[in-house]
K.L.:
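Before anything else, here's the structure in question.
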Amino acid sequence: MSKNLRNQNAGSDMDFFTRVYQVVRMIPSGKVSTYGAIARFLGSPQSARMVGWAMNNSHTQKDYVPAHRVLNRNGMLTGKHHFGGSKVMEELLESEGIQIVDDSVVDFHAHLWDPNAELI
DNA sequence: CTCGTGACTCCCC
DNA sequence: AGGGGAGCCACGA
């Protein structure tokens with residue numbers, strides 16, 4: 001299944017957004033990923049912005065999308081404003097065992113879940 | 001239909 | 001070292 005999400009698989013009939021949502025749903029609780037890693041996994045490293053856009057629209061999805069687990073490449077909570085409150089995203093992550101200081105994940109690399117490495 | 005914009009990132013001065 | 005530009009694609013005005 002994970003293989004079908006990769007863009008290099010020309011047979012994929014899902015659009016970019018849909019694949020973004022699928023990947024984000026695979027991020028395990030207690031882990032985080034990045035816009036860039038997801039974009040790269042989908043075969044468009046330059047389309048990290050689209051991942052952000054997808055997260056912006058993720059609330060329109062029927063199925064839950066853990067958008068709070070997606071951060072920028074520095075492990076900063078750049079999208080926290082879109083969670084209504086300024087602390088909502090932070091609290092969601094901390095409830096999953098991730099420590100946040102100054103809008104950044106503590107020991108970010110240790111919590112990083114990279115689909116390129118995990119979903120081969 | 002064209003234009004601007006965005007939860008990003010990389011490359012090049 | 002840090003700032004600026006380009007690339008990416010969808011969507012609303």
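Residue numbers start from 1 in every chain, and the chains themselves are labelled A, B, ... in the order their sequence lines are given, proteins ahead of strands. The structure presented is a predicted model; accordingly, all values stated were derived computationally and were not measured.
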K.L.:
May I ask you to say what A:Asn72 touches in the nucleic acid, namely base, sugar-phosphate or nothing, with a heavy-atom cut-off under 4.0 Å?
P.N.:
sugar-phosphate
K.L.:
Determine: side-chain N/O of A:Arg49 to OP1/OP2 of C:dA10, distance under 4.0 Å, yes or no.
P.N.:
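No, no such contact exists.
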K.L.:
If I compare all heavy atoms of A:Ala67 with all of A:Met89, which pair ends up nearest, and what's the gap?
P.N.:
O-CE, 4.3 Å
K.L.:
Between A:Ile38 (CD1) and C:dC8 (C1'), how many Å, whole number?
P.N.:
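A:Ile38 atom CD1 is separated from C:dC8 atom C1' by 16 Å.
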K.L.:
Between A:Phe83 and A:Trp53, is there shared hydrophobic-cluster membership here, with clusters defined by ILVMFWY side-chain heavy atoms closer than 4.5 Å?
P.N.:
no
K.L.:
Using the rule that Ile, Leu, Val, Met, Phe, Trp and Tyr join whenever any side-chain heavy atoms are under 4.5 Å apart, tell me whether A:Leu92 and A:Val105 fall into a single cluster.
P.N.:
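Yes, A:Leu92 connects to A:Val105 through the hydrophobic network.
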K.L.:
Return the value, rounded to whole Å, for the distance between atom NE2 of A:His59 and atom P of B:dA7.
P.N.:
13 Å
K.L.:
If I take atom NZ in residue A:Lys80 and atom C1' in nucleotide B:dA7, what distance separates them, rounded to the nearest angstrom?
P.N.:
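A:Lys80 atom NZ is separated from B:dA7 atom C1' by 13 Å.
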K.L.:
Side chain of A:Ala48: nearest nucleotide among C:dC8, B:dT9, B:dA7?
P.N.:
B:dT9
K.L.:
Checking the side chain of A:Ser33 only, and the main-chain atoms of A:Trp113 only, is there a donor and an acceptor separated by less than 3.5 Å?
P.N.:
yes
K.L.:
Would you tell me whether A:Thr60 and A:Asn57 have side-chain atoms, one donor and one acceptor, within less than 3.5 Å of each other?
P.N.:
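Side chains of A:Thr60 and A:Asn57: no pair found under 3.5 Å.
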K.L.:
Taking the nucleotide of DNA chain B with the nearest heavy atom to each, does A:Arg40 or A:Gly79 sit closer to the 5' end?
P.N.:
A:Gly79
K.L.:
Who passes side-chain hydrogen bond (donor to acceptor under 3.5 Å, both in side chains) against A:Glu96, sequence neighbours left out?
P.N.:
A:His68, A:Arg69
K.L.:
Return the residues of residues 82-95 of chain A meeting this criterion: a heavy atom under 4.0 Å from some atom of DNA chain B. Order them by number, or give none.
P.N.:
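Listed by number, they are A:His82, A:Phe83.
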K.L.:
Using heavy-atom distances to pick each residue's nearest nucleotide on DNA chain C, tell me which of A:Pro45 and A:Phe16 is more 5'.
P.N.:
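Comparing both residues, the 5'-ward one is A:Pro45.
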K.L.:
What is the separation between atom CZ on A:Phe41 and atom C1' on B:dC8, rounded to the nearest whole Å?
P.N.:
19 Å
K.L.:
Can you measure A:Asp114 atom CG to B:dT9 atom P for me and round it to whole angstrom units?
P.N.:
12 Å
K.L.:
What's the closest nucleotide to the side chain of A:Gln46 if the choices are C:dC11, C:dG7, B:dT9?
P.N.:
C:dG7
K.L.:
Once you round it to whole Å, what is the distance between C1' of B:dC11 and CZ of A:Arg73?
P.N.:
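Between C1' of B:dC11 and CZ of A:Arg73: 12 Å.
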K.L.:
Just how far, in rounded Å, is P of B:dA7 from CZ of A:Phe17?
P.N.:
13 Å
K.L.:
In whole angstrom, give the distance that lies between atom CE of A:Met55 and atom C1' of C:dC11.
P.N.:
16 Å
K.L.:
Using atom P in both nucleotides, what's the gap between C:dG5 and B:dG4 to the nearest angstrom?
P.N.:
15 Å
K.L.:
Taking the side chain of A:Met50 as heavy atoms from C-beta outward, which of C:dA10, C:dG7, C:dC9 is closest to it?
P.N.:
C:dC9
K.L.:
Among C:dC8, B:dT9, B:dA7, which nucleotide has an atom closest to any side-chain atom of A:Thr78?
P.N.:
B:dA7
K.L.:
Which atom pair, heavy atoms only, marks the closest approach of A:Val20 to A:Ala54?
P.N.:
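Heavy atoms of A:Val20 and A:Ala54 come nearest at CG1-CB, 3.8 Å.
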